Structures are given as C-alpha cells and as structure tokens.
Amino acid sequence: MTAREQKRQPLSTGSEWTFELIQAYDREISRLAERYALDTYPNQIEVITAEQMMDAYASVGMPLGYHHWSYGKHFLSTEKSYSRGQMGLAYEIVINSDPCIAYLMEENTICMQALVVAHACYGHNSFFKGNYLFRTWTDASSIIDYLVFAKQYITQCEERHGIDAVEDLLDSCHALMNYGVDRYKRPYPISAEEERRRQKDREEHMQKQINDLWRTIPKSADKVSEKDTARFPAEPQENILYFIEKHAPLLEPWQREIVRIVRKIAQYFYPQRQTQVMNEGWATFWHYTLMNDLYDEGLVTDGFMLEFLQSHTSVVFQPGFDSPYYSGINPYALGFAMYTDIRRMCENPTEEDRRWFPEIAGSDWLSAIKFAMSSFKDESFILQYLSPKVIRDLKLFSIMDDDQRDDLLVPAIHDESGYRVIRETLAAQYNLGNREPNVQIWSIDRRGDRSLTLRHQQHDRKPLGDSTEEVLKHLHRLWGSISIWKPCRATKS
Amino acid sequence: MSYVIDRRLNGKNKSTVNRQRFLRRYRDHIKKAVEEAVSRRSITDMEHGEQISIPGRDIDEPVLHHGRGGKQTVVHPGNKEFTAGEHIPRPQGGGGGGGRGKAGNSGEGMDEFVFQITQEEFLEFMFEDLELPNLVKRHLTGTDTFKTVRAGISNEGNPSRINIIRTLRSAHARRIALSGSSRARLREAREELARLKREEPDNFGDIQEIEAEIERLIARINRIPFLDTFDLKYNLLVKHPNPSSKAVMFCLMDVSGSMTQATKDIAKRFFILLYLFLKRNYDRIEVVFIRHHTSAREVDEEEFFYSRETGGTIVSSALKLMQEIMAERYPANEWNIYAAQASDGDNWNDDSPICREILSKQIMPFVQYYTYVEITPREHQALWFEYERIGEAFPDTFAQQQLVSAGDIYPVFRELFQRRLVT
C-alpha cells in the first residue's frame, strides 16, 4: 500500500514529445541505469528528421563519410522503400564514439523516444564502452576525428587525381574490405591531427621500402642468397588490404593512403560484425528492464507501457523457419532471450541450470550478465551461455545440407541429446572465420612476374560465390600485376 | 550527462553528392531509360520524374563469399515436427526458409535495382548534349542593356563616391611615411635634451640649440597636410553588359483541313519539348501561339491545339503576323526570339516564295533560332524546298526536319539541338 502511495506523477500523459520531456526521461533513465552501475560514455542525443535518418542510413551509420556511389545506391533504395511504405525506418542509429551519438527521429512518439534513449544511450553505449572487442579494436574518442581526416583526404585526392581514379580505387578496396582487418594486433589510437602529420612521413618512408622490395638491379649472379629464394611473405597474410598497402608495386603514395583509410574503417566496424547478437540483445535487455523500472515507479502511464510493449514484442519477434517472414535468426530475439535467461538462472535457478551452469546459477545476476557482456563475442557468448531453456523456447533445430546427398539431415533438435550440438553449431554460425571464405595471401613472385598467389582454405567443400571473379579483378587492379588463385582443401585438424 | 541537440534544421541532403555519384556512374543506363520513357510517355507529362531500373547484377558490389554447395549446417528456429536424425527431402526452388543456406545473405534474388529520379534530373538527362544554338553569340553581341557593378577602388572619381575609410587610411599612411625621419630625429633630440638637462644643466648654449631644433622638427611634422588630393580614393563602378535572359517562343501551326488531330498532337509534343528546353535556359519565357489557314490569328493555348477550323493554307499570313508581333512587343535587343513552325507541308504554291522573302528579310535577322518541322509521310512540296534555301542562307539559325510519327519527335529534336562543335 505504501509503495502505491509513494508512486509519483507520470512524466507525461500524451504522445507528443518535447525537448524538455526527452531530457526529463533521460534524467530518470540515467538515474535508474546508475542503480545498475551501467558504465557509459557521455551521451549526445540528436533529434533528426526522416530524411536525415535516410542520409545516416546511407552512410552506414558513419556521421561523416567520404563520397562514394555505393552510399548513393543505399540511399536510393532506402528512399524508395521508405516512400512506398514498404519499410519503416529504424527508430535509432547509435555511433560508437565518445561522446556516444544517438539519433532520434522526429516522427516518433515520446514513448518511442524514451525507448530509444534507454536502448541506445544506455544499452548500446555501455556495450561499446564495456565489451572487450570494442575496447581493443576501436577507439571511440578518435573515430570522428579520423573520419573527418579521411573525408578531407579523399576529397583532396579527387581534386588532384580526378573522381574516376579515386572511385575505381575505392571500388577495389571495398571489394576486399572484409579482408582488411587485423584480427590479432591492436592498432594504436591516434588522432586526426597526428594522422595528417604522420601521413606525410609515411608516404615517403613507404615508397622507399617498396622500391627496395622490388629492386631490379641484378646482384652478383653467382650466389643467390637464401633471402632471395625464401618465400615472401614468410607467413600467409590474412589482411590482404594491409599487404597491398605495404607491398603493392605500382600504387602511388596517395593510393596507399586510401587503401589504408578503407582498412581503418573496416577495422572500426569489425567488432560490430562480431557482436550483433550480444550488442542488440544487451541493448534490448536494458531498454526492457529500464522501461519496466520506470513503470514500477509510476513515472509512465499504462498507455505508454502498452505502446512500449507493442514495439518491444515486434522487435524480439522470431518467426519460425517456415514463416514467410523468416529471414534467419533475429539477433534481437536471440540476444534478449539469452540475457534474460542468464538473469533467470541467477535469480531462480532450476535443477537443470545448476547442472549446466554451476558457476552462475544462483549468483548475483548483475555481475553475471556484465561479465557475459564484456568478455565475449557472439561466437563464444553462444558457446558459453546458450542454455537448454532458450533452445527449447526458440525450438532450435539444425539442418545439414550436403550437396552430395539427395535429402537433408536433421542432426539435432531441442532435446537432451541435441543441446550441445545445437549450441556448437549455432556458435560456429556466428564465427566470422566460418562465415567468410578463408582466403590468404600465400606468396608473391619477387624475381619473376610479380604475380600474387592467393590461397583459399576450403571448409566442408563450400565453394566460393559467383562474384569471386570480380573480386579478383579488383585485386588485380590494386596489385597491378597478375594474381593467381590457388584453391586448397583444408585438412581439418 | 546527456546533451539533447536539435539537428532537424541541418541540411537534410547529406547524401546528395553520393546520389549524384551514383547517377554519374550509371548514366548510360539512366539515359537509355530516359530515352525509352520519352518515346513511351505522352509529352504532356514530362513534368515529373521517372522510375529507372537497372539490372541488379550491374550494380552489385562484389565480395568474397561462400556460394551454395558443399556441406552446410544451419540452425533454424521454430521446429514443429522434426526429430533428430530424420531425413527430409530437399525443398525445391530454395524459396522456403528450410533449404536456404548462407548464400541467401549475399543479396541474390535482387533482379532489378529500381529508383526514382526527379523531374529536374529527368530533364537533365533528356536534354543532355543538347544546346541552344547561338546562345553565346547573343550574350556577347546583343548587349544593349547594362548594369553598374562595383569594381574596387580607384584614384579618380566623382566626389559623391569618395570612400572615406580608404581615403583616411591612405592619408594616415602618407603622414607616417613622410614624417618618419623627422620623428626619429625629434625623438633623438628630446632624449639628448633630457640628458643635457640631467647631466649638464648649465650648458645653456647646447640646450637652447636643441630646443630650437625640436621646435623646428615639430613645425616640420605639422606642415605635413592632414589630407592631400593624392590620398583621395573613390569607389569604382563599372558598367557590365547585362545579357538578356528573356525569351519568347513563337509557335506557328497550320490548322488547315489537311492537318489531322494526330498531326497536331505530334506538333504539340514538339512544341512542349522545345518549351521545356527553353525554360531550362532562360529565367523568363513567353509563348506566342499563332495558328493559320488562309489567314493567321494569335490565340491562346487551348484554342491553338484543340479548336477545329478548316480551309486552305497560306503560310505567309502566319509569318507576317509573327513579324508584326515581334516588331510591336518583342524588340530583338531585349528578347531572345525562338520560333518553331509545324506544318504538313501544304501551301499554295504561289505563297511559298513569299514565305521565303518574309523569313529571310524580316524574321531571320532577329531570331536566335528558327525550326521548321514538317509532319508528313509524303513527298516534300514547294514550301520545303523554299525553306531549304533559307537554311543555306542562315545555316546557324535555321533548321528544318521531317517528322513522320510520334516516335520521331525526340530523335528529331535531338538532331535539331545537337551540341555543335565549335569550329
């Protein structure tokens, strides 16, 4: 009874938003988030129109992108499907930067704005700040500066060398963008200012080294040193763009710099590609928790809550495999289910949970999910935390499609004997290493025709897609010399 | 701490450049689509954009990805009837969720990339490589109107245009320059005087001498005039030729009995095309409609295209009327005059030489461009041959073409206004 009396006035009753209201909601949500000790970057909430949202879409969420036709293509298709009502726009876009920039759309109701504030400004934001991949691979404080530098540099190149030359180069780099990522080395965070200064030195220094590698002055012919016959690179290189930037024989300094820019941006997006389920699940979990807390304190009305639940359920809706709406596993649904389940296992563990997750069953839920958020990526997160209950709830099953057999096999379903198999299969499905063909630079012919040999480690006989030929043409353009394809069946150890 | 920022007023067209880049890259595709659209759609609805579709494979961005095949194991949600170890037949067509492998992510099935271009862009592509003949010439030679524009500062001018700031600045600079050495010596003398007074207060001779020197120097500095005629600066105004940006378009059409509604429709499309084209080049454009059979009349648009009249044909009546209207309302030094004449080529044979006479003497010298389209599948008659002679006399400003069907309009239009290489 006392709790009910203590209930405060709701912050708003209508559905219209104002700047004051957004701020009031933000204040309350921030207060609640502090209760859970969510560690976030400062927030910068920007209210934009639908057209601006489409712009933001087109530049893949980068607040400032260099100019390229492919962004125009994105924009045109977004614009078309939006104006025909085939597609609603995302309610929000959030950028991994410090301060963390979140876009709210003008058309939304105050309920949606509050949801987005909770989802983006406290959910995604704390994920960006907490997850180890983001901490290692991206530097939130310098990304905006770097994008400014990149945009200016590319504009300058366009002025100096013509739009076509730059566009061709960017096309080629984009084709190999997913192979421009360092998986093991952490790049140093540097500011745009420094980047500009360094870029000058780098140009000169690099050109010198490349010339050295490709020196054609004959050495004393009688003794071919061991160094000359050794394979180069000594180890296969997975970061193809990096290799091109450093060793391609015919690129101009400015071209190397552009390769570098594309590579850096690929690196910046690399963690996002690996943490879809975790990131969206985390943000969804927190908007759900925070909005319910607001309701419990009487700060929002029943109508507000119904509107919220309506959009929340549509976000976490997972259509079955046979539904016409099915397009793979919904990362929001899977992530939300998993975090919610971790909390459940901590608070109300069953006998099964104690058997499967002895280390978290009955422990403090907040530190358990924070640990889960900070120390994993999708693959390992699923491998670690996908519980039998979530598998049962989602009725997960696997299908093996072997092109050498006439029918499909169902290796495992959501039963006692299948839990582990499902978990491993699903985890592998989120492993970028499995999702993308394993292609590496194998060697270059330094003494001969400078040809570049690539090696594809085939896994489970999966062939390469049909645009491979085109990608090779792009690689050829960058390398400037012949590239050879060397398929190779992986020997799985 | 959170900041809420209102960005709604920021530019919304951040993607414009990228959009332009896209259009630029696929301009051949778009141009083809526009050309098809022009011949397909009625010219009256040129006033909106167009949907362009480009084959999906032409705009794909290639990446390395897995194709179908091999052994692929995928987890799906929503199991209903399957049990572990069960064999199920492979779904045909791969449409339903079950059989779809990872390759589904790569964007297959997008056959056509469809998007909208605006009317502006549509016209841009439509009139690309087309040019109004003699536009430049008129800008250079036909400049009878001028406007005065500011053109910096000058040393000479009218007292009412004095630029006070620049004048005083220059006076100040002159005073500093001319008094420089005197002031330096004055400073030295004053120091010397102070020293003498401090160290040799009894040395009256020197002190007096220096005091006299100081007075002399001050007087010299004061003699430098505060303002000299030399300092005066004036705002300079120059006359710039003001190219006439008004155009008038004369539409002349034969409405005699031999012109059917279909022929008139073709003519109408041609006129509209010309109108749209002129509109892109001139701020202000007026249209004069003149219809004629044996006598000519100036009419409004509705009547021009749709009212029915019959009778014989005397083309020169329309030319005479045009000449009168030109003389009365559109002096050639103020207006860029364009004329388009449509006819089926029928004319009283005796009249055709008169037409040539009027055209070459009274009309051609004043117009920017005169186009004649003959809408007929038949042999040319006297009028065409007379006009050919005009074309020889005014090769830059006169053109004639023959139209047979509506499909010819656009190609003929392009031919008439094809950008000509400057020779």
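Below, read A as the first sequence line, B as the second, and so on, with proteins coming before strands; counting in each chain starts at 1. Keep in mind it's a predicted model, so treat the numbers as computed, not measured.
- A:E158 has a carboxylate O that lies under 4.0 Å from a charged side-chain N of B:R21, or vice versa, which qualifies the two as a salt bridge.
- What you find for A:D407 and B:I88 is that their closest heavy atoms are CB-O, 3.1 Å.
- Only the side chain of A:I329 has a heavy atom closer than 4.5 Å to any heavy atom of chain B.
- Contact annotation for A:Y66: only backbone heavy atoms (N, CA, C, O) come within less than 4.5 Å of a heavy atom of chain B.
- In this structure, chain B has a heavy atom under 4.5 Å from the backbone of A:P319, while its side chain stays farther away.
- Residues B:F22 and A:F75 fail the side-chain proximity criterion, which asks for heavy atoms closer than 4.5 Å.
- You'll find the side chain of B:Y3 stays beyond 4.5 Å of the side chain of A:N43, heavy atoms only.
- Taking each heavy atom of A:R405 and B:H87 in turn, the nearest pair found is NH2-CE1, 2.9 Å.
- Under the 30°/60° scheme for interplanar angles, the aromatic rings of A:F397 and B:H76 are found to be tilted.
- Neither the backbone nor the side chain of A:R27 comes within contact range of chain B; no heavy atoms are under 4.5 Å apart.
- With a 4.5 Å cut-off on non-hydrogen atoms, A:A175 touches chain B through its backbone and its side chain both.
- For B:R25, the side chain to side chain donor-acceptor pair (under 3.5 Å) partners two or more places apart in sequence, or in a different chain, are A:E167, A:D171.
- Residues satisfying the side chain to side chain donor-acceptor pair (under 3.5 Å) criterion with A:R420, sequence neighbours excluded, are absent altogether.
- Contact of A:E436 with chain B is made through the backbone alone, with heavy-atom distances under 4.5 Å.
- B:R19 has no carboxylate O lying under 4.0 Å from a charged side-chain N of A:D55, or vice versa, which leaves the two without a salt bridge.
- Ring geometry, B:F82 versus A:F321: the interplanar angle falls from 30° to 60°, so the pair is classed tilted.
- Judged purely by distance below 3.5 Å, without hydrogens or angles, the side chains of B:N79 and A:H414 pair a donor atom with an acceptor atom.
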